[in-house]
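Protein chains get the first letters and strands the later ones, always in sequence-line order, with residue 1 at the start of each.
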Protein chains: 2
Amino acid sequence: MAKKRTTTLKELANELKLSISTVSRALNDHPDISPATKEIVKNLAKKKHYAPNLFARGFRSQETHILGVIVPNISHLFTSTILKGILEEAEFRGYRVIISESQNNESKQIEMLKTMTQFGVDGILMSLAKKTAALDAILQILNHKPMVLFDKVSDKIPCTQIVIDEEEAAYNAVEHLINLGKKRIAILKETENSFNSEKRYAGYLRALRNNEIAIDEKIILSTEDISLKNGSRLTRMLLSLKKRPDAIFAITDNAAIGAIKALHKFNVKIPQEIAVVGFSNSVNSTIIQPALTTVDQPGDRIGRTAVAYLIKEIENPDNDEAIKTVEIKTSLLVRDSSFTA
Amino acid sequence: MAKKRTTTLKELANELKLSISTVSRALNDHPDISPATKEIVKNLAKKKHYAPNLFARGFRSQETHILGVIVPNISHLFTSTILKGILEEAEFRGYRVIISESQNNESKQIEMLKTMTQFGVDGILMSLAKKTAALDAILQILNHKPMVLFDKVSDKIPCTQIVIDEEEAAYNAVEHLINLGKKRIAILKETENSFNSEKRYAGYLRALRNNEIAIDEKIILSTEDISLKNGSRLTRMLLSLKKRPDAIFAITDNAAIGAIKALHKFNVKIPQEIAVVGFSNSVNSTIIQPALTTVDQPGDRIGRTAVAYLIKEIENPDNDEAIKTVEIKTSLLVRDSSFTA
DNA sequence: CTGAAAGCGCTTACAG
DNA sequence: CTGAAAGCGCTTACAG
C-alpha cells in the first residue's frame, strides 16, 4: 500500500494562507500570536492529524531525546527487568529508547556504540559485554556523548556506574549460611575476571574470614560459563570429595538450580545435609523444589537510577563532578533451600 | 563534562579547502571524484573520527532506517525471544529498533504509536495490548506507516500478521493426550476473548470432536489472568469434582506449572493419574518436576519473519497484495508431565 | 573533476 | 501581531 505522507507545517500554512513561522508559533502557544489565529491553526492541525516531525525538530536543536541502550543479552530475566525500569523512567521524562544487544561480542558492542552515536542519541546506557578489553573506542565516544554504565561495568571507564552492592550481597548470603551453623561452604563462580563474579567472591571470602572459618581451595570451584549445566557438574565434583561441603553458594540462580538438581540425583537432603543459596531472584528460583534462597536484585531500580543519572548529565553537561559509582542495595530472600522452620 | 561536537562534513571541507559537496561525494565513493581527492578526504575523515550524522541523512531522504516495536510486556520470556529475533534480523538488514512497552494499556499503546510515527520510524511492529478495542488511531496510523502485527493480533486491522498456528498447536497437544489414552481432558483458558486463548480453545474442541470425545463444560475452566496462581486455583476446583479429569491442558506454561504444584499438594500422580500439558516452552517448563510437556513457540522465528515482512513492505510501498497472515509452525515437546517411558 | 544551491521540516532571532 | 530568512548536516540535480 502506498502510504500518504504525514501533514507538515507547510501544508497547514498554505491552506490557511499564513506563514510557516506563524503556524509553528501558534501551535507552540507563543505569546506573540493572537488567540484567534491560534484557534484556527489548532483546529486545522487537529483536523489534519498534524503531529510535529520530532526528527526535524531534534535535528535542528541537536537534541533527539533518544537514549541508546546496549546490553549483552536481552533475554536474561534480570536484564529485561532493568530494561523495564529504563523504559518506564525514560518515558516518564520524555525520552525514547533504542535498545541493542551486543550478544557479549566486543566488536559488535563497539559497532553499536558507533551507530548509536551516529544516530544522534543524547546519551548511552550500557552494560558491558564479557571480556571487554579494548577501551579506546568506548573512551573516544565518551568524549562526545554522556554515558552511564550499569550492571556489567568497568572502573577503567570514567563515567557514572550503577551497580548492585555485589560484595555486600554475597557477604550477607554467606553469613546467613554461617548463622545457620554451616561451616564448610562451597562457592560456584566464574573463571574469568568478570567484575560481578570477583565482587561476589570477595564477599564470600570476607564473610568466611570475619567468622574465622578456614578457606579451603578444594571447595572453591570455577567455570567459564556459570550455567545450570555447569552448576550441576561442579556440584557432582563437590559430592565426590572426601569432605563434602555442608552448603553451596552459587553466584547465579541458574548454577544454584543446577546444584539442586544434582543434589536431588544423589539423594542429598536440602538444606539439612547441604544448603543452597543463589543470586538473582529469577522466576525459576520459586519454581524449583525446594524454593531457592537468593539475592533479590532490584533490576527495575537499577534501570531507573541509570536513566536518572544519564539525563542529569545530558541536561547539565558542564558538571564535572558528576562521575560516581552508585551501589543499589539488595536483600536476601530466605527460602526452603537454606532454612527449615 | 562538556562534550565536544562530533566532526561534520563542513569541518572537513574547511580544513581541506574543498566544498562540502566534494567531501560528501569523496566519502561516498562517487565516480566523479578523482582518486587523489578521495584519498586525502578519507584520510582526514579517519583521523578526525568522522561519522556521518545518520539523523541528518535520514532527515533528507525521509528514511530513518528505524523500526518501532511495541509489546505489552517486555519481561515475558517469550516476548524477549521475539525481540531477540527482531533485533538480529533488523541489524542484519541495516535497521535500528526502538522498543516500547505498552504495559497492556490501550491508551499508552496509542500514545507510543503516535510518538513513534512522529519520530519518523520507517515502520512499526506491534503486539497488541489486551482489550485493544478502539482501532481508529491504529487504522489512522496504518494509512501513513507500514505496520506488521505479531503474536497478539487482530483481524480487524488490515495489515500483515505473524502468529503461530495456535489452533493446530493446541489440537496437537490435546491429540497427544488422547493418544496416551486420556479421555477426560480439562482445559484452563482465559475468560476474555483474547485471540490466542480462543484459538487454542478451538484447537482443543476440534481435537475432542475429531476423536469422538464428549465435551464436558464442567472441566472447561476460565480465568481473567491465566497465571501460575490461577492455574493452581482452577486445578483445585478440578480435584473437587466428582469425576476428576485424567489430563489438564493449560493454555500457558505458568498455569500448567500452577496445576502441577496443586497436584503435588494433593499427591496426585503425574502423569499416571493426571497428565499435564502447557504452552510456550518457557525456561520454567524444564525446572518444574516433572518436566512439563509443552508447545515450543519459536519466538526468534516470529521476530525475524515479522521484520522480513515489514521491511519488504517498507521497500516496496506499492505492493497492494502484501497483506496476509503468516502462521509459524510449532512443535510439541513431550516431557515427563505427560509421558512415562 | 569540482562547486553553488536547493531542500528535507522545523524553530527562532531579526524586521516590520 | 505576522513574515522572511537562516540554519541544523547531509545529498544530489544542475552548472561549469
> Which part of the nucleic acid does A:D32 contact within heavy-atom distance under 4.0 Å: base, sugar-phosphate only, or nothing?
base
> Within the structure shown, what part of the strands sits under 4.0 Å from B:S34 by heavy-atom distance: base, sugar-phosphate, or nothing?
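Counting heavy atoms under 4.0 Å across all strands, the contact made by B:S34 is with sugar-phosphate only.
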> With a 4.5 Å limit on heavy-atom distance, are the side chains of B:I99 and A:L83 in contact?
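No, too far: nothing below the 4.5 Å cut-off.
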> Is DNA chain D part of any stem, that is, at least 3 consecutive Watson-Crick or G-U pairs with both distances under 3.5 Å, and where?
C:1-3 with D:14-16, C:5-12 with D:5-12, C:14-16 with D:1-3
> Check whether any side-chain heavy atom of B:D29 sits under 4.5 Å from a side-chain heavy atom of B:K38, and report yes or no.
yes
> Just do the side-chain hydrogen bond (donor to acceptor under 3.5 Å, both in side chains) check on A:Q103 and B:E88 with the steps written out, would you?
CA-CA 10 Å; A:Q103 297 167 277; B:E88 280 172 14; 3.2 Å; yes
> In whole angstrom, give me the gap between the P atoms of D:dA4 and C:dG7.
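Their P atoms lie roughly 16 Å apart.
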> Can you tell me how far the CG atom of B:L142 sits from the CE atom of B:M126, to the nearest 0.5 Å?
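So the CG of B:L142 and the CE of B:M126 are separated by 9.0 Å.
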> Both conditions, 6.0 Å and 45 degrees, for the charged tip of B:K312 above the ring of B:Y309: are they met here?
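So B:K312 does make the cation-pi contact.
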> Once you apply a heavy-atom cut-off of 4.0 Å, does A:T8 come out as touching a base, just sugar-phosphate, or nothing?
sugar-phosphate
> Side-chain donor-acceptor pair under 3.5 Å between A:N73 and B:K84, yes or no?
yes
> Under 4.0 Å, heavy atoms only, any strand: does A:I20 hit a base, just the sugar-phosphate, or nothing?
base
> Surrounding CD of B:E39 (heavy atoms of other residues, nucleotides or ligands, distance under 6.0 Å), is the total greater than 12?
no
> Between which nucleotides of DNA chain D, read 5' to 3', does contact with chain B run, using atoms under 4.0 Å from its heavy atoms?
D:dC8 to D:dA13
> Any donor-acceptor pair under 3.5 Å linking the side chain of A:T64 with the backbone of A:G120?
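Present.
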> Map B:R25 and A:S19 onto DNA chain D by nearest heavy atom, then report which one ends up closer to the 5' terminus.
A:S19
